[in-house]
Amino acid sequence: MIFKKITPACHAANPNNSVPLNNPIPSNKKLVLFFAGWGMDEHLFSGYARSGQDLIVAYDYSSLTLDENLLRGYEEIQVFAWSMGVWAASQVLPKLQMQHYPIGTCTAINGTPFPIDDSRGIPVQVFRATLNTLSEKTLDKFRLRMCGSREILNHFLAKAPRRDIASLQKELTAIEEQVTVQSTTAFQWDEAYIGKDDRIFSLENQQRAWAHTPHKFVDTAHYPEKLFKQLLQEI
């Protein structure tokens, strides 16, 4: 798992978009920790940082191992997770809580803790078909379904992740392997947002997954650009 800290100037903290691991105690006391979806990187969310708080984007779940150095020194860590990031966060947040990191409100967006599941996540056949046929052409089709319209897709492509097909395939394969061998955690989310027009994690499957968690329905596709801005910038 990769962590990238984003600055309010809309750039990562140094020219190669990484933050030194010996980074000093953060000047801000509040951190927004955002778990992005499969195939993402920090570029899509580079404009969401705001003054008075830090933003770290987590992505690439080829491994769920994370370096906790960037999480130290904060008085509050507010968590948001989207799509496959909901599963990844569900796996790592219990450990962070046990280590007494100040995890605050945790919000899930268009995803579930059950990423490959016929009734509560992405159906098994759909997931495997995506993995087995992954190419530039099928990725384009996936992104259109994810965005819901050509207009939103164009917004997405203007800041598209800088990752190649091999990287995306490796991540998807690793997710399948990890889901197979790891049990679902009992992590309790505070709230979930369910997109009514989500064509990746269906409305019905999300409803079942969040039956015992406070949730809200929103008029959005799987990639909810406006909702991201609202949640990450207005907290």
Side-chain angles (χ1 to χ4, degrees), residues 1-8 12-14 17-38 40-42 45 48-115 121 171 174-175 177-179 181-193 209-216 228 230-235:
M1 185 184 301
I2 298 173
F3 277 178
K4 292 291 177 70
K5 184 178 285 188
I6 310 298
T7 70
N14 66 25
N17 290 329
S18 63
V19 177
L21 292 181
N22 59 354
N23 203 44
I25 300 276
S27 57
N28 293 314
K29 295 303 181 182
K30 184 173 183 178
L31 171 67
V32 174
L33 178 57
F34 180 78
F35 290 82
W38 163 68
M40 300 299 146
D41 65 15
E42 79 278 9
F45 309 100
Y48 293 165
R50 53 171 291 184
S51 60
Q53 62 188 29
D54 289 340
L55 169 64
I56 288 179
V57 177
Y59 65 91
D60 191 350
Y61 308 125
S62 299
S63 167
L64 294 182
T65 302
L66 55 88
D67 191 311
E68 300 169 19
N69 285 289
L70 293 181
L71 302 180
R72 297 193 174 108
Y74 292 101
E75 295 179 357
E76 179 183 357
I77 300 175
Q78 189 163 6
V79 176
F80 295 90
W82 169 52
S83 192
M84 280 292 174
V86 176
W87 161 75
S90 296
Q91 295 293 320
V92 303
L93 288 175
K95 178 183 176 182
L96 295 178
Q97 287 180 321
M98 289 180 62
Q99 294 175 324
H100 304 294
Y101 283 91
I103 305 297
T105 302
C106 297
T107 303
I109 306 164
N110 286 349
T112 78
F114 318 98
E171 181 184 2
I175 289 172
E177 293 173 350
Q178 292 173 97
V179 170
V181 301
Q182 294 175 351
S183 60
T184 302
T185 66
F187 181 74
Q188 182 61 51
W189 290 82
D190 294 292
E191 61 178 349
Y193 285 83
W210 299 118
H212 303 294
T213 301
H215 54 269
K216 301 175 183 178
F228 286 153
Q230 174 188 334
L231 294 176
L232 299 181
Q233 293 185 319
E234 296 181 5
I235 56 178

So do [Y] and [X] actually touch side chain to side chain, heavy atoms under 4.5 Å?
| X | Y | result |
| --- | --- | --- |
| Y61 | Q91 | no |
| K216 | E191 | yes |
| W210 | T112 | yes |
| L96 | E68 | yes |
| W87 | L64 | yes |
| V79 | F34 | no |
| V32 | D54 | no |
| Q78 | L33 | no |

Distance in Å, [X] [atom1] paired with [Y] [atom2], rounded so as to fall on 0.5 Å steps:
| X | Y | atom1 | atom2 | answer |
| --- | --- | --- | --- | --- |
| L71 | I56 | CG | CD1 | 5.5 Å |
| L55 | Q53 | CG | CD | 8.0 Å |
| I2 | S62 | CD1 | OG | 8.0 Å |
| I6 | F45 | CD1 | CZ | 10.0 Å |
| K5 | L70 | NZ | CG | 5.5 Å |
| Y193 | F228 | OH | CZ | 12.0 Å |

Might you point out which heavy atoms bring [X] and [Y] nearest each other, and give the distance in Å?
| X | Y | value |
| --- | --- | --- |
| P113 | V86 | N-CG1, 3.9 Å |
| A89 | A81 | CB-CB, 4.1 Å |
| A58 | M1 | CB-SD, 4.1 Å |

Step through it carefully: locate the ring centre of F187, locate the ring centre of W189, and say whether they are under 6.0 Å apart.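 So the answer is yes for these two rings.
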Assess the pair F35 and Y59: is the distance between their ring centroids shorter than 6.0 Å?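 For F35 and Y59, the ring centres are not under 6.0 Å apart.
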Okay, side chain of D190, backbone of C106: is any donor-acceptor separation there less than 3.5 Å?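 Side chain of D190 to backbone of C106: a pair is present.
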Where the side chain of N28 meets the backbone of K30, is there a donor-acceptor pair that is under 3.5 Å apart?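 Side chain of N28 to backbone of K30, a donor-acceptor pair under 3.5 Å: no, none is there.
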What do the steps show when you test W38 against E171 for side chain to side chain contact (heavy atoms under 4.5 Å, CB included), and what is the final call? CA-CA 7 Å; W38 163 68; E171 181 184 2; 3.4 Å; yes
Might you work through the side chain to side chain contact (heavy atoms under 4.5 Å, CB included) test for I175 and M84, ending with a clear yes or no? CA-CA 9 Å; I175 289 172; M84 280 292 174; 4.1 Å; yes
What's the verdict on side chain to side chain contact (heavy atoms under 4.5 Å, CB included) for D60 and D41, showing C-alpha distance, side-chain angles and the deciding distance? CA-CA 7 Å; D60 191 350; D41 65 15; over 6 Å; no
Could you go through Q188 and T213, starting from their C-alpha distance and side-chain angles, then the distance that decides it, and tell me whether this counts as side chain to side chain contact (heavy atoms under 4.5 Å, CB included)? CA-CA 8 Å; Q188 182 61 51; T213 301; 3.5 Å; yes
